[in-house]
Peer 1: 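After the structure tokens below, expect a handful of questions from me.
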Amino acid sequence: MAPLSLPVSFLLKQTDCLQRANIFRNVLQGLRQRPFRSRLWKRNFVAVSRGIGQLLSQQPRAKNYAASVCSSSADGQDLTERLWSVYHETKRQTQAISTDSVNPDTIFANNEMSLRDIEIYGFDYDYTLAFYSSHLHTLIFNIARDILITKHRYPEGLRKYEYIPNFAVRGLHYDVQKALLMKIDAFHYIQLGTVYRGLQPVSDEEVIAMYEGCHVPLEIMSDFYGKSSHGHTMKQFMDIFSLPEMTLLSCVNDFFMKHNIDYEPVHLYKDVKVNSIRDVHVKGIMYRAVEADIDKYICYGEQSQAVLKKLSAHGKKMFLITNSPFDFVDRGMSYIVGKDWRDLFDVVIVHADKPGFFNDRRKPFRRVTDKGALLWDRIHRLEKGQIYKQGNLYEFLRLTGWRGSRVLYFGDHIYSDLADLTLKHGWRTGAIIPELRKEIKIMNTQPYVHMMTWLQSLTGLIEQMQVHRDPASQAVVEEWIREREAMRPQTKDIFNAQFGSLFRTYHNPTYFSRRLSRFADIYMASISCLLNYDFQHTFFPRRTPLQHESPFWPEHNPAVSSSSPQDQSRV
């Protein structure tokens, strides 16, 4: 994609063209003060600004472009015309860009890591090696709903509710006492427009009144693992399996409100979380259903098999640590890899009870026979081909000697799978984020690129031009602000009509994104992404400029940078 530039004929038509060009260049320079989180539309926006900047680079830079506008304006009418001129030219430039797609099968790095240093690969099972179809969430929802009705005397009318696949997204918070589901950003601020009571949105005014603003204090947030305990009122849903749980909570709340039933939200949360959803897993109801119709529920099997075969062919050691029971894992892995799947793994641990596995030193390993019987002998070594239950990481490290940064462990749960490993034990970590593929495909569309580029450009115009305090100019800026406010919900709705993107609020990273960047060295849509890289590859995180660094950044300075957009921020 060639850098975009203003046609020279346009600049020569009017006697004040040079001044207008300087104003516009400085507007774009102001826009570069904002850090860009999305590499896709960052590249396109930089292309716009670089093209204009290169054209005008020989002109002296105005020390205060706003002052130059004011001094050149005979009256307020002339100034507003110039503001609109800058506005329309900026918009024209953003509409002229073309897309530069991000590959959904890319592995993204939060921390520099080389595969040449990795000797041992570890895996979770659910949503890491085994990927499930949407039928599984419907199954969990239906079983849990029926448990509430048949065992806990909830109203029969709840049977009318069906699972809503696109209602919730992962990473949301639930206020247990207020029965509110919401998205919170990395700075503990509620994203207005994403707060739901039942299946209905709560107005911004009501949210602000309930929380005395939008900030959620640390003391009422969930504990380290996203759970609501010790008086905390917020629960964070980080597990993919929690999507039907969030939907069931919302549906039951919706039923009670529609029928004017007085209820205690804390009791409802406990009944859904502990007495229904938990039973689906702990009592094996879900496991038996999946085993009985595995073709319906498991997908992507051939990709996981290819990854494991590739690792084995290159002499890498592999292990499996999962909370799921052996029969369930054996049935799934036999379907995905084949009956000889255990030959690929040096160690297999089931019923691990993560995250307790990573912290509790008290539970010893116990060997499990092929028929599921538990043996009583003391474990002196972890043998290939055997199955072990429970145990703890400290004993695992003692028996295997697999320590430090030569171990890479993959999992889908940011807290239960990855946090302790990176914070306490120095393992490298890889997060599996299946939602990533869908979001990247949306980001690759031209409407999204145009919308986000224009939104960022418009934000920069507002930031720079707000210094004009005359009524006419203020009216122009206020109109831009209204346009920006009208656009922001579109950036949410394009991903999910209720809660938006998993990774971003209107402008900040989500709380989920913050934890992902802290606890995962790399992240990807599925482990099949490993097939695109050899074992000498080094993953480099992009050095995003800090706010005070951006004026000195080459790609933000057209006079310094001469490379094309494709050469920068390549993923």
Side-chain angles (χ1 to χ4, degrees), residues 126-127 132-184 194-202 222 226-229 233-290 297 323 412-413 416 434-435 496-499 502 512:
D126 296 302
Y127 286 107
Y132 299 100
S133 70
S134 59
H135 297 295
L136 184 60
H137 289 166
T138 300
L139 174 72
I140 294 172
F141 178 92
N142 290 341
I143 295 173
R145 178 202 60 202
D146 293 346
I147 290 174
L148 286 178
I149 296 169
T150 57
K151 293 187 177 181
H152 301 286
R153 301 167 58 188
Y154 274 67
E156 187 69 27
L158 287 173
R159 292 194 194 275
K160 295 180 180 179
Y161 286 86
E162 300 291 340
Y163 179 62
I164 309 171
N166 298 316
F167 176 71
V169 299
R170 199 155 46 123
L172 299 178
H173 281 77
Y174 183 76
D175 190 318
V176 175
Q177 296 180 346
K178 295 182 175 67
L180 297 177
L181 189 64
M182 68 191 73
K183 186 162 73 171
I184 296 178
T194 67
V195 181
Y196 275 72
R197 181 184 289 114
L199 300 175
Q200 300 301 317
V202 180
S222 57
K227 299 178 180 179
S228 178
S229 60
T233 63
M234 288 283 189
K235 146 79 178 176
Q236 189 182 16
F237 294 98
M238 296 291 276
D239 192 348
I240 300 177
F241 281 127
S242 65
L243 292 174
E245 179 181 347
M246 286 185 277
T247 307
L248 183 57
L249 275 169
S250 299
C251 287
V252 178
N253 275 312
D254 184 74
F255 180 87
F256 284 164
M257 288 186 298
K258 283 183 176 179
H259 292 82
N260 295 316
I261 298 174
D262 189 22
Y263 69 102
E264 173 53 62
V266 175
H267 296 333
L268 170 59
Y269 171 76
K270 181 180 178 181
D271 286 342
V272 171
K273 175 70 178 178
V274 179
N275 296 327
S276 61
I277 291 288
R278 186 172 178 269
D279 279 357
V280 175
H281 297 275
V282 173
K283 294 186 177 180
I285 303 172
M286 182 196 78
Y287 301 135
R288 291 191 294 271
V290 172
Y297 294 108
N323 287 350
D412 67 287
H413 199 299
S416 296
E435 302 95 332
N496 176 278
Q498 292 74 233
F499 301 101
L502 174 66
F512 178 92

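Note that the structure is predicted; figures quoted are calculated from it, not measured.
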Peer 1: Which pair of non-hydrogen atoms, one from Tyr163 and one from Thr138, has the smallest distance, and what is that distance?
Peer 2: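 What the structure gives for the nearest pair is CD2-OG1, 3.6 Å.
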
Peer 1: Can you tell if the side chain of Asp271 reaches within under 4.5 Å of the side chain of Ser276, non-hydrogen atoms only?
Peer 2: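 Side-chain contact under 4.5 Å: no.
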
Peer 1: What is the minimum heavy-atom distance between Val274 and Arg278, and which atoms define it?
Peer 2: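 Closest approach of Val274 to Arg278, heavy atoms only: O-CB, 3.2 Å.
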
Peer 1: Within a strict 4.5 Å, meaning less than it, do heavy atoms of the Lys273 and Glu245 side chains meet?
Peer 2: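 In short, these two side chains touch, coming nearer than 4.5 Å.
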
Peer 1: Find out whether Phe237 and Leu181 are in side-chain contact, i.e. whether some heavy atom of one side chain is under 4.5 Å from a heavy atom of the other.
Peer 2: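 The answer is yes, as the side chains (C-beta and beyond) meet within the 4.5 Å cut-off.
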
Peer 1: Nearest 0.5 Å, what's the CZ-OH distance between Phe256 and Tyr263?
Peer 2: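 The OH atom of Tyr263 is 7.5 Å from CZ of Phe256, to the nearest 0.5 Å.
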
Peer 1: Evaluate the ring planes of Phe241 and Tyr132, with Trp represented by its six-membered ring, and classify them as parallel (under 30°), tilted (30 to 60°) or perpendicular (over 60°).
Peer 2: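 Taking Tyr132 first and then Phe241, their aromatic rings sit tilted (interplane angle of 30° to 60°).
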
Peer 1: What's the separation between atom CG in Asn166 and atom OG1 in Thr247, rounded to the nearest 0.5 Å?
Peer 2: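 Nearest 0.5 Å value for the CG-OG1 distance: 10.0 Å.
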
Peer 1: Rounded at 0.5 Å granularity, tell me how far CG in Asp239 sits from NE2 in His413.
Peer 2: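 If we round to the nearest 0.5 Å, Asp239:CG and His413:NE2 are 5.0 Å apart.
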
Peer 1: Could you verify whether a donor N or O on one side chain and an acceptor N or O on the other, from Tyr196 and Asn253, lie under 3.5 Å apart?
Peer 2: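 No donor-acceptor contact under 3.5 Å links the two side chains.
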
Peer 1: Drop me the distance from Ile164's CD1 to Cys251's SG, to the nearest 0.5 angstrom.
Peer 2: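 These two atoms lie 4.5 Å from each other.
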
Peer 1: Kindly indicate whether the side chain of Tyr161, heavy atoms from C-beta on, has any atom under 4.5 Å from the side chain of Val252.
Peer 2: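 SC-SC contact between Tyr161 and Val252 ruled out.
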
Peer 1: Taking the side chain as every heavy atom from C-beta outward, state whether Gln236 and Leu172 have any atom pair closer than 4.5 Å.
Peer 2: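 Not touching, per the 4.5 Å side-chain cut-off.
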
Peer 1: Are Ile147 and Asn275 packed together at the side-chain level, in the sense that at least one heavy-atom pair is separated by less than 4.5 angstrom?
Peer 2: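 Not in contact.
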
Peer 1: Which heavy-atom pair separates Gly198 from Phe167 by the least distance, and what is that distance?
Peer 2: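 Reported closest heavy-atom pair: O-CZ, 3.8 Å.
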
Peer 1: Just say parallel, tilted or perpendicular for the rings of Tyr174 and Tyr269, cut-offs at 30° and 60°.
Peer 2: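 The arrangement is parallel - the two ring planes meet at less than 30°.
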
Peer 1: Determine whether more than 12 heavy atoms belonging to other residues, nucleotides or ligands lie under 6.0 Å from atom CZ of Arg159.
Peer 2: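 For Arg159, atom CZ is crowded (more than 12 foreign heavy atoms under 6.0 Å).
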
Peer 1: Compare every heavy atom of Leu243 with every heavy atom of Ala168, then report the nearest pair and how far apart it is.
Peer 2: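 Looking at all heavy atoms of both residues, the shortest contact is O-CD2, 3.8 Å.
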
Peer 1: A side-chain contact here means heavy atoms from C-beta on lying under 4.5 Å apart; do Arg170 and Ile240 qualify?
Peer 2: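 A side-chain contact under 4.5 Å exists here.
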
Peer 1: As an exercise, state the distance from CG of Asp279 to CE of Met286, rounded to the nearest 0.5 Å.
Peer 2: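 Rounded to the nearest 0.5 Å, the CG-CE separation comes out at 13.0 Å.
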
Peer 1: Taking all non-hydrogen atoms of both residues into account, name the closest pair between Val280 and Ala144 and its distance.
Peer 2: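 Shortest heavy-atom separation between Val280 and Ala144 comes out as CG2-N, 3.9 Å.
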
Peer 1: Find the distance between CZ (Arg145) and CD (Glu162) and round it off to the nearest 0.5 Å.
Peer 2: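 These two atoms lie 5.5 Å from each other.
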
Peer 1: Kindly determine whether Lys183 and His173 satisfy side-chain contact (heavy atoms from CB on, under 4.5 Å), including the steps that lead there.
Peer 2: CA-CA 6 Å; Lys183 186 162 73 171; His173 281 77; over 6 Å; no

Peer 1: Please state whether the rings of His135 and Tyr297 are parallel, tilted or perpendicular, taking 30° and 60° as the class boundaries.
Peer 2: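 Judged by the thresholds at 30° and 60°, the geometry between His135 and Tyr297 is perpendicular.
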
Peer 1: Please step through side-chain contact (heavy atoms from CB on, under 4.5 Å) for the pair Thr194 and Gln498, ending with a clear verdict.
Peer 2: CA-CA 6 Å; Thr194 67; Gln498 292 74 233; over 6 Å; no

Peer 1: Side chains of Phe499 and Asn496: does their closest heavy-atom pair fall under 4.5 Å?
Peer 2: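 In contact.
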
Peer 1: Between His259 and Phe255 (judged by ring centroids, cut-off 6.0 Å), do the two rings come close enough to count as a pair?
Peer 2: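 Under 6.0 Å, so yes.
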
